Amino acid sequence: MNSAEINLVQVTFDVVRPNALSVAEIFYKRLFTLDPSLRPLFKGDMVHQSRMLMAMLGAAVNGLTNLEALVPVVRQLGARHVNYGVQDEHYATVGSALIGTLDEGLGEKFTPAVREAWTAAYGLLSSVMLLGAIEARSAKEAANIQ
């Protein structure tokens, strides 16, 4: 990602941040519409889950300017998601739900350039999470062999 894309992601996230809980509600509604089989992966209070989602997304967005610090955290997040039952193919669905949510939440501010910037940001973050997931699954398999 270049600095202009990072700036677009950060500026537009600041637009949706004040409405974090309603944005998260839209995201989860969209996610479960795209793939209802994901609903059972989310146990417990969805308001709490929504807060965690927006906090993590905010931290990731802010961290785009310091990838050296962000990447290990995101990789660990991907590893933890293995334990929640997240599969590799779920990342594409989450990306679609995120982009659709931003489109709805930003309205006219969701320009083609903003879409491209968010797509690049999600692509970066999800690829690092997938790396963490692969490492976690490999470690589990290695432990089961021994």
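As the structure is a computational prediction, the values presented were derived from the model and not from experiment.
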Show me the donor-acceptor pairs within less than 3.5 Å that the side chains of residues 119-135 make with the rest of the protein, sequence neighbours left out.
residue : atom : partner : partner atom : Å
T119    : OG1  : R115    : O            : 2.7
Y122    : OH   : Y91     : O            : 2.6
S126    : OG   : Y122    : O            : 2.8
S126    : OG   : G123    : O            : 3.3
S127    : OG   : G123    : O            : 3.1
S127    : OG   : L124    : O            : 2.8

* Asked: What pairs of residues pass the ring pair (Phe, Tyr, Trp, His ring centres under 6.0 Å) test when at least one of them lies in residues 35-62, not counting sequence neighbours?
  -> Y28-F42, F32-F42

* **Heavy-atom closest contact (R17 atom, D14 atom, distance)** => NH2-OD1, 3.1 Å

* For atom CD of E68, decide whether the heavy atoms of other residues, nucleotides or ligands shown that lie under 6.0 angstrom number more than 12. => no

* Asked: Do M46 and L53 belong to the same hydrophobic cluster, where Ile, Leu, Val, Met, Phe, Trp and Tyr are linked whenever their side-chain heavy atoms lie under 4.5 Å apart, directly or via other members?
  -> yes

* Could you tell me which non-hydrogen atom of L67 sits nearest to which non-hydrogen atom of P72, and how far apart they are? => O-CD, 4.3 Å

* **Working for side-chain contact (heavy atoms from CB on, under 4.5 Å), residues V94 and F27** => CA-CA 9 Å; V94 169; F27 168 80; 3.9 Å; yes

* Asked: Of all heavy-atom pairs between Q10 and N62, which one has the smallest distance, and what is that distance?
  -> NE2-O, 3.6 Å

* Which pair of heavy atoms, one from L34 and one from S96, lies closest together, and at what distance? -> CD1-CB, 3.9 Å

* Least distance between heavy atoms, T101 atom then V23 atom -> CG2-O, 3.6 Å

* To do: Check for a donor-acceptor pair, side chain of E5 on one end and backbone N or O of N2 on the other, with a separation under 3.5 Å.
  => yes

* Find out whether I99 and F110 are in side-chain contact, i.e. whether some heavy atom of one side chain is under 4.5 Å from a heavy atom of the other. => yes

* Are the side chains of M1 and L8 in touch, meaning some heavy atoms are under 4.5 Å apart? -> no

* Asked: What residues form a side-chain hydrogen bond (donor to acceptor under 3.5 Å, both in side chains) with S37, not counting sequence neighbours?
  -> D35

* Quick one: do Q87 and T93 satisfy side-chain contact (heavy atoms from CB on, under 4.5 Å)? Show the steps, please. => CA-CA 11 Å; Q87 302 296 314; T93 308; over 6 Å; no

* Note: D103-R30 ion pair, threshold 4.0 Å (strictly below) -> no

* Hey, quick one: are L77 and L41 part of the same hydrophobic cluster, counting side-chain heavy atoms closer than 4.5 Å, chains of contacts allowed? -> yes

* Hey, quick one: are I26 and M56 part of the same hydrophobic cluster, counting side-chain heavy atoms closer than 4.5 Å, chains of contacts allowed? -> no

* To do: Treat each ILVMFWY residue as a node, draw an edge where side-chain heavy atoms are under 4.5 Å apart, and state whether V82 and V86 are in one component.
  => no

* Are F13 and L21 grouped together when hydrophobic residues (ILVMFWY) are joined by side-chain heavy atoms under 4.5 angstrom apart? -> no

* Structure fact -> Note: V15 and N19 closest approach over all heavy atoms is O-ND2, 4.5 Å

* Steps toward side-chain contact (heavy atoms from CB on, under 4.5 Å) verdict (T12, L102) -> CA-CA 9 Å; T12 53; L102 291 166; 5.9 Å; no

